[in-house]
Each structure stands twice: as C-alpha cells, then as structure tokens.
Amino acid sequence: MLHATEILGAEVYDVQGHFVGRVREMFIEPAEQPNRIARLLLGRGKYRPLVARYDQVAFVAPGTIRLNVEEQRLEPFRPNEAWLAVRKDLLDQQIIDTNGRKVVRVNDLDLAENRLNGTVELRVTQVDVGLPGAVRRLLQGVVSPGVIRRIQEKLPPKTIKWEFVNLIEPDPMRRVKLRISMQKLAEMHPADLADIMEQLSPVERQAIIASLDEETAAEALAELDERLKTQVVEKLGPERAAEILEEMEPDEVADLLAELPPETSQEVLRELPRAEAEEFSELLQFPENTAGGMMNTEFVSVNENATREEALAWIRREEPDLDQLDSIFLINAQGVLTGVVPIGRLLLAPPEQPLLALRMEPLLSVPPDAVEATVFELFDKYNLRSLAVVDAQGRPIGAITVDDIVHRLWKQS
Amino acid sequence: MNWPKLIERLEVWRSRGILLEHRGRRLRRRVLIFLAIIGPGVITSNVNNEAGGIYSYSLAGAKYGYAVLWMLVPMCIALFVTEEMCARMGTVTGKGLSDLIREEFGFRITFFVLLAVLVVNFGNVLAEFAGVATALELFGVSKYISVPLAAVLVWGLVVRGTARWLEKVFLTICLVYFAYVFSAFLAGPDWPAAILHLLPPPLLEAIPPVRPLVTPAPLESGYLLILAALMGATIAPWQHFYLQSAVVEKRVGPREYPRVRTDVLVGSISAVVIVFFIMVCTAATLYVSGHREIHNAADAAVALEPLAGHWASVLFAIGLLNASLFAASILPLSTAYVICEGLGFESGLDHKFRDAPIFYSLYTALILLGAAVILIPGAPLVRIAVWSQVANGFLLPAVLVFILMLANRRDLMGEQINSRGFNAVAWTTSAAMIVLTVLLLYINLFRPDVAAQAPIP
C-alpha cells in the first residue's frame, strides 16, 4: 500500500532513465473512473509542467516513479475542471464520512497498486484521518520513508473507505463535472444531516441545501440551529425558500418567517400559494410565547355526529400530516369545538361507535393569547398529547402537540 | 414510546421552565441587555487583562512612568484591526483560524504554527497560575496550597461544563479593574503630562514648549522588552484564535456582522482605556515615589493605595485572582480546541476521554504542568508573568502574517476582503513587532552591556 504523501514530490524518470520532474499534483477523473489516479502533474521548475497518464506509469515506489514512455510523449498541462486534485481538493480539506455521519479532515490518502500488463495504476482505497497520516505529512521528506513506516505501525489507524467519502464542492457546475452525488446525504437522518451542516462553512451549507429535494431539505432545515436556519433561508432566494417552506410544519415556518428581515419574509410569503401564505401570516400575528405562537394550524376536525368508521374513511382520504394525528377534534354545525378524541380510543372502538361517546372529559382548549406557562400546566395536569386552540367563538384554529412542548421546555432548560 | 417516563421528564422540565419564567423574566431582560453589549469582542479583549497583562502594565508604569504611554494609541488601533479581521473571517468562512491555516497552508506549516501557539500559550497558563499564587500570597496563603487548588478547580469546573455562567461571574468581577480609574484620579497624576505622552515621542520632541514636560523614551533593552510585553499582553496571539472560534460558535451571520464589529471596537477601546489607567496609576504612585521595581503582588498593589488605602492589597488580590482564574479556565481549553481542530483530532467536551484522547490529554497537561512549574520553590513569579507576554509579542507577527494573507484571499473572503487601510495598519504592526523582536534578540545576544543596564526583575 502506498500513500499520497509518498507520491507527491516523488522524482519521475522516463523509460530511458532521464529525470523528468517531480510530482506536484495527482488527479482523479471521476467521470471516467471513480477512484483511479488518472494523471500526474510533473513540475519541472521554470519549464512548462507535463502530465503523465495512468497508462504511462511503469513503476511506483515511495519517492520514485518510472514511466514506460519517453519524455517527448507526455502532454503539456492544461487545467481541467473535471479533474479532482488530490492536493488541492482533498488533502487538509473537510469531507463528510457518510458511514460515520460526521465531518472529518483528510490527512492522507491510502493508494492500492494495480498492475496491468506493464503499467501500474494507483487507486484510492481509503482516506486517512488519523495519527499515522498526520505523522507522515509531518515527517515526509525529512526522515526516510522506512522510519516513517515503522513509526506509523505503532499508531492507531483511523481511515474511511473511499466509497463512504462525500466531497463538499460549493460550485454546482463543478459538482456535476466531478460526479459528486448528494444521494448518500439525502438518505441520512435529517438530524444527522443537520449536525453535519452545522460543522460546515456557510457556502458548503448552502451547497448541500441546494442539492437536496424540497422534502429532505425541509426536514434537515427543521433540525438546524435556529440562527443558521434563518441564514440559510435568507440566502436561498424567495422562490426556492418558498418551495422548501411549503414542506415544513406551519408553526416552524411561522417561527422562521418571524426571524427573517421583514422584506425577506414578505418576498417569501409572496412566493407561497395563497392559502398557505395567509395561514402563515395569521400565525405570525401571535407572539412566540403564547398558545398562538406555539400552535400548528394543521389539525384534523370532523363532525361530532360521525361514527368511528366514517371518521377513519375521511382521514384515509384526506391524508393529514401524521405528526398532527394525535387527536381528532369534534365540531358541531357552527364549527365550534365540542370534543377531543385521542387516536388511541378511536383505535379500540367498534366501527359503529359515534365519536361523541369517545371524547375526553373535560373538554379542554385555550385561546391563542394564553401564555406558555398555562399551556405547559394543562399538558402536565391532564397528560395531554395535544391541545386545541380556539378563537373567540370557540372554533378550533390550531393544535399544540406534545412535541412542541418538549421542544420549548428543552430550549428553556 | 415510554409515555409515563416522558411525562415524568416533562414534569421536571416544566418545573424548571416555570421557575425560569417567574424568577427569570426580569433578570433575563437585564442579562440580555448586558449580553447585547458584551459580546465575544468585549470578552476577548478583557480576558486580556489577566495576570501577565496586569504585571506587564504595572511594571511598565512603575519603571518608565508616562514614557510608555504613547504605545497605547497605535496599540488600540492594531488591536481593533487584527481582531476585526478574525471576526470577519469567522463570519464569512464559518471556520476557525487554525482550520483556515490548515486548509490554505497545509499540514506541516499548521503543525509548526500550532506548536508555537502551544508553547506560548503554555507560558500564558504559567502566568495565570503565577497570578493565583501571588494574589493569594497577599492573604498569606502559601502557593503550595493555592496553586494545586486552583488547578483542580479550573480542571473540574470546565470538564463538568459549568463554564457558561461562570464566564459571566468572572466578567462581572472584572469590573474591579475600574478601581484603577478611581485610584488614578485620587493619586493626582500630572494629567497634562499624561495626556501629552499619548502622542508619539518624535512629535513631542518637535514642539519646543512641550519638551520640558516630557520624559524622553530611553533606548535600553528593558524599555524595548517592556514595549514587546505591552504589545504581547494587549494583542495576544491566542485571543485571535479564541475570538474567531467564538464568532463561529455564536453563528454570526452577515446580517449581525456590523454589531460584532462594534463589539470588537468597544472591546478594543475599553481594554486599552483600562491599560491607560493602570499605567497612569502606577506611574503616579510607584514611579513618582522611586519604587520602580515590582517583585511581587504587594509592590503592584501600591498603585491602588490612593483609592483603597490599607485595603489596596485586598482589592488588587481579588482582581488578580479573578482575572487569573478566568483566563486559566479559558486558555488551556481554547488551546486544546485550536490544536485539535487544526490537526484534525476529535475535540470538544461532549466527547468521552476515549473518543478524544489528545484533546483531553492536552487540556489536562497544560493545567498540570502549568501548576507544577509554578510550584518549583523560588520560581520567579512576576518575571514568568512578564516574560510570557514578551513571548506573546514574539509570536504575534507570525500569526498576523497568516491572518493577513487569509483576509486578503478573494476566493475565501469575497466582497469582505481586506481594505487597503487595514492592510497598512496590520503590516505595520507586524513589521514593528519583527523589528522589536530582532532588536531585543540582538541586544541580548550581542550587546550584554546594554542588556545589563535595565534588567527586568
């Protein structure tokens, strides 16, 4: 096994044994092959640098490379956006370990030699993020490679397999050229993804959000640190921001919009479908520490005269948000709240049971201006999963669920 | 989901929430206003008035009177300019200073920069423990008791993660330093002379009527050493790393940046103003009375006598002890963070020892070794404190050069790249520090006659 540090700076000789130059950089061409070192950049002091292709390399050892062609056959170097540079794009940079779900810094690359009829191909097998790589970087060229190898044998290795390495490239054009896919990131749990994004720079965060689909982006955004959340949304541009916010829960969107500068949140609201925009602007009226500020405007309400079977059929058809499906609100013909049925009771009831017989006693609700502490107290006293918020006429306008409560209390402790 | 358990936990949170609600509302508003003014910039600049700094400022005033005051104006500008660059880099790139050095200059350079930072910061940790030892000696507590206790306290408090509120306590006690402001007025210094000395000496030489009022700056090694110590005490390299990390950690966005900039400005000015009063105070008491050397805390405390009389030493001891503990709880931790982040090792108190062995070892070793060195019988405590600041001054130009190169990179900073004026001030500061360093080394190595003229205690 070889290491990138041992190849960078190596002396290169051509087929006749003439010195050509030193390896300044190594390139991978992900479009051709994901982990092969496809080109070596050979620096020659004041002369124009040359490029050796992988099939022109005959022998590789730490510090020395022999080619199987003459120097005249090598191409002059022309920068190429589609080449991934080991020294510039990988060494010392942060990458995402999609397996360990964290951000790490690259110390070195482990390379495997692949011998094929007279040529030696180098393939990146894993990324070194531990002490051995660090020691190699420090001592390379100062101490002989043998000594370095002996030291590193005693150190605990810490590596990440190349297939679990996710590069972070802020430029979307180059991301395409380098075949960098964010698929593995999108498959992560949103909370993990948010943790990773918090460790990255603003540009990189933006790059990740930009490459995710709206739904995943919304989930990750919801888990993000409050201040970063607004910074990310601010930079998204109103159109894309609206697309993502549509996928988020209304109370979260309302909190987020309240944090944005007024002009920006106006712009975003303008991009949202009319009904949703109205809903959010309504939510925005309520101070954050009141029931109105805590509630979610998505809730399930059915006519009080419905049976269990009718209610279930209705729910199946409407497909309400699962997070809001803790309880069902019963309303009369005037839309006034007359009862709350926890989903558990509904589950156990026979099909023909009228919902009114399943409702909880006593009937609890709060006005939107009720303070936080009142809401906490009700949840605690009656062991609630959700609580209805009603307007002056007693009509439900929103629901506070237990996850909102946990979130608030956690923030305060 | 285990509902009874969750409800039970909710009950605990609720009781805490309600408690906070009742007790905290008024307090919270006050704290918010306090925190709005006191951001990372003010904290960073004021943590600086720690043991090494206090002794350096006191010594400068005692030994050279007003003749060192002219340093304060350029120092204040340099402090603002260098700190602002770090705050700006933190905002734009979202990365710490050691991370940026690593990404742009590679592993080996980073390693040596961080090694130098480690050595110099260790000197500062020594100064903090020296501060604890000398402060408590004023109360008759032996350093063999005070220093191990302080080490255990600092280690335990930070590892148990109670540092947040503690920071505020320390910061509040920092107000003790306002005692120097009152003491300076009560000591009745020669104000016109003090103010005049804020101007650069060549300018004063050029105005004939002013000349008799002015003490000329003596060109001797002790004077140069004090200048280096003053620079190192005020513009310490570690505080740039610390400030940038704090800005990143507070998630400052471009929108909040102007506020951070103001915060850095307020911090720089307030720090230098306090330094001004400390030096005027020591000049008006120690320098005037001919008591020009500072060997221990009792000597330095004399500067507070006009205000506090016999209580001067108590006041000084409280201030020094607080500042030393404050810095001692921040320095080893931030050093371990900076080094582990730059070299890519796991860092952070939320990890277990097994997951971040290097981080914890570094942190613990800094505290243990720092305390151990101070416990060596007959260790020259004040000299350690002052020399640690000189070491800061030596490292400063190197760190500044990196900061400058990074802040001038358009691919990193975009529109927020350094302006010409900033570059001019920062390069001048670096150049001045390099000249000072070379001059000091030259005098100490090749001109023992000059070096012997005015040795530092």
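Lettering of chains follows the sequences in order, A, B, ..., and the numbering in each one begins at 1.
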- chain B heavy atoms under 4.5 Å from V371(A): which part of the residue, side chain, backbone, both or neither?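 For V371(A), there is no contact with chain B at all, as no heavy atom is under 4.5 Å.
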- Task: Fit a plane to each ring of F402(B) and F105(B), take the angle between them on a 0 to 90° scale, and name the class: parallel (under 30°), tilted (30 to 60°) or perpendicular (over 60°).
- Result: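 F402(B) and F105(B): perpendicular rings.
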- Message: D108(A) vs R136(A), test: salt bridge (Lys or Arg N to Asp or Glu O under 4.0 Å). Steps then yes/no.
- Response: CA-CA 8 Å; D108(A) 205 349; R136(A) 226 175 292 130; 2.6 Å; yes
- Part of E204(A) lying under 4.5 Å from any heavy atom of chain B: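 Looking at E204(A), just its side chain touches chain B.
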- Query: Most heavy-atom pairs under 4.5 angstrom with chain B, which of D225(A), L139(A), L200(A)?
  - Reply: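 Counting heavy-atom pairs under 4.5 Å, the top option is D225(A).
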- Query: Which atoms of V129(A) come close to chain B, meaning under 4.5 Å heavy atom to heavy atom: side chain ones, backbone ones, both, or neither?
  - Reply: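 Only the backbone of V129(A) comes within 4.5 Å of chain B.
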- Query: F111(B) versus chain A, heavy atoms under 4.5 Å apart: side chain, backbone, both or neither?
  - Reply: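 Just its side chain gets close to chain A.
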- With a 4.5 Å cut-off on heavy-atom pairs, point out which of T91(B), L343(B), D99(B), V248(B) contacts chain A the most.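 Result: the option with the highest number of such pairs is D99(B).
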- Message: Is R227(A) close to chain B through its backbone or its side chain, or both, or neither, when contacts mean heavy atoms under 4.5 Å?
- Response: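 R227(A) touches chain B through side-chain heavy atoms alone.
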- salt_bridge(R261(B), E84(B)) N-O dist < 4.0 Å: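 Answer for the salt bridge query: yes.
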- Message: Less than 4.0 angstrom from a charged side-chain N to a carboxylate O is my criterion; do E256(B) and R259(B) meet it?
- Response: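 No.
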- Regarding R385(A) and the six-membered ring of F379(A), is the cationic atom NZ or CZ under 6.0 Å from the ring centre and inside 45° of its axis?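 No, R385(A) and F379(A) do not form such a contact.
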- Item | Under-4.0 Å salt bridge between E341(B) and R102(B) |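 No, this pair does not count.
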- Message: Looking at chain B, which one of K158(A), R87(A), E198(A) has the largest number of heavy-atom pairs inside 4.5 Å, strictly under?
- Response: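 Top count of heavy-atom pairs under 4.5 Å with chain B: E198(A).
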- Query: Is D192(A) paired with K102(A) through a side-chain N to carboxylate O contact shorter than 4.0 Å?
  - Reply: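 No, no charged N to carboxylate O under 4.0 Å.
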- Item | Top contributor to chain B interface from L131(A), L91(A), T230(A) [non-hydrogen pairs under 4.5 Å] |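 Between L131(A), L91(A), T230(A), the count favours L131(A).
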- Task: Let me know if L138(A) has heavy atoms under 4.5 Å from chain B in its side chain, its backbone, both or neither.
- Result: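 When you check distances to chain B, atoms from both the backbone and side chain of L138(A) fall under 4.5 Å.
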